[in-house]
Number of protein chains: 2
Amino acid sequence: MTARSMPEQTLELAAFVPFRLNRLADGVSQHLAVVYRKRFGLDIPQWRVMATVGAKQDCTAQYVAASTRMHKTRVSRAIAELEARQLIERASSSDDRRARQVRLSRSGRRMYSELVPIALEREATLLSCLGPDQLAGFLVGIETLERFLRLED
Amino acid sequence: MTARSMPEQTLELAAFVPFRLNRLADGVSQHLAVVYRKRFGLDIPQWRVMATVGAKQDCTAQYVAASTRMHKTRVSRAIAELEARQLIERASSSDDRRARQVRLSRSGRRMYSELVPIALEREATLLSCLGPDQLAGFLVGIETLERFLRLED
DNA sequence: CCGAGTCGGTTGCGAGCGCAACTATTTGTG
DNA sequence: CACAAATAGTTGCGCTCGCAACCGACTCGG
């Protein structure tokens, strides 16, 4: 078989891992976003800010952006909206007057404590379709790829 | 320990699988999108259309939307742009005059045959960080989740 | 056949996002 | 100390996308 008559290489999108990962991540997001939106009126950036600030009180927008890997403008707008809804509060930092400390308000904490169990439960439901070994193998794969792409924290 | 004094459940975003999947899919996409854009001037929707139409000549926009899981307007716009660049051609279907058959043009095929090996090579590079067993386990996990969420085809 | 409902595909519009530019502050260097 | 460069955060702008509405074509029951 000569080079000229070699069959064209083909690419089946349905078997192409980058595509499948995107589709999967999207499916999982939809699975959750419905809850955030309908029940709490949060979009994804806002939910991520809530989760981050809820876990680490008194952090900066900077910190949120770094740990969620969202663009700083996206974070800025999410925070502004959450502040308008009085779910978070901001205080100017004492040692750096550019930065502002972000924390959950009382009602923000209330929402957070409702939100977390629901999110964890949905994650558990999702992962329940994998057996223990399958789950472990899957997570190892994710972890290795994260390190390879330098995505971890 | 009473219910009142139970520690608040917390949620570490960095350990939350839906978030990690999103971040990973995004990282992988970036890894590829640079090539599509800089070398071929394609954005992601356009690249997906090229891949789909390259693998199955004479399909409809409908078919592309279904197999890429993109919204039909996104497909419509991607096709329009590709047609303007003369990478694909459209012919009105004989049996249904609403639908139009989509196929790669000569230059479209040329681009496709350049594109495919590069994409497959990048996928291989990405997956090369996983050992054979790790890769197998990872793919099984993806597959199971796809079925669970009914994402396959 | 003829009208209602469906289906393939396109388009107007508003929302969300990233880029680049900006303000205000801090840090580093000669 | 002064001035340049870096940093925290915000905002104007243009682009992309999804929703809903729409157009033309098909279909199926009466």
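On a predicted model such as this, the values are computed, not experimentally measured, just so you know. Naming: A, B, ... by sequence-line order, numbering from 1 per chain.
Between B/Ile79 atom CD1 and C/dT10 atom C1' the separation is 11 Å, expressed in whole Å. If you measure from atom CD of A/Gln30 to atom P of D/dC19, you get 9 Å, rounded to the nearest angstrom. The NZ atom of B/Lys72 sits 12 Å away from the P atom of D/dA21 (whole-angstrom rounding). Nucleotide C/dT6 holds its P atom 17 Å from the CG atom of B/Asp96, rounded to whole Å.
Counting only heavy atoms from C-beta on, B/Arg90 has its side chain closest to C/dG9 among D/dG18, C/dG9, C/dC19. Which of D/dA8, C/dG9, D/dC19 sits closest to the side chain of A/Ala99 comes down to D/dA8. Nearest to the side-chain atoms of B/Gln62 among the listed nucleotides C/dG18, D/dC17, C/dC7 stands C/dC7. In the set D/dA25, D/dC19, D/dA8, the nucleotide with an atom closest to the side chain of B/His71 is D/dC19.
Backbone-only engagement by A/Thr60 is indicated by non-hydrogen atom pairs under 4.0 Å involving sugar-phosphate atoms exclusively.
A 4.5 Å side-chain heavy-atom check between B/Tyr36 and B/Asp43 finds every atom pair outside the cut-off.
Mapping A/Arg98 and A/Arg77 onto DNA chain C by nearest heavy atom places A/Arg77 closer to the 5' end of the strand. Where A/Asp43 and A/Asp95 each meet DNA chain C at their nearest nucleotide, the meeting point lying more 5' is that of A/Asp43.
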Per-residue pairing states of DNA chain D in dot-bracket (Watson-Crick or G-U under 3.5 Å; . unpaired, | other strand) read ||||||||||||||||||||||||||||||
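Summarising the local packing, CZ of B/Arg37 is surrounded by more than 12 heavy atoms from other residues, nucleotides or ligands at distances under 6.0 Å.
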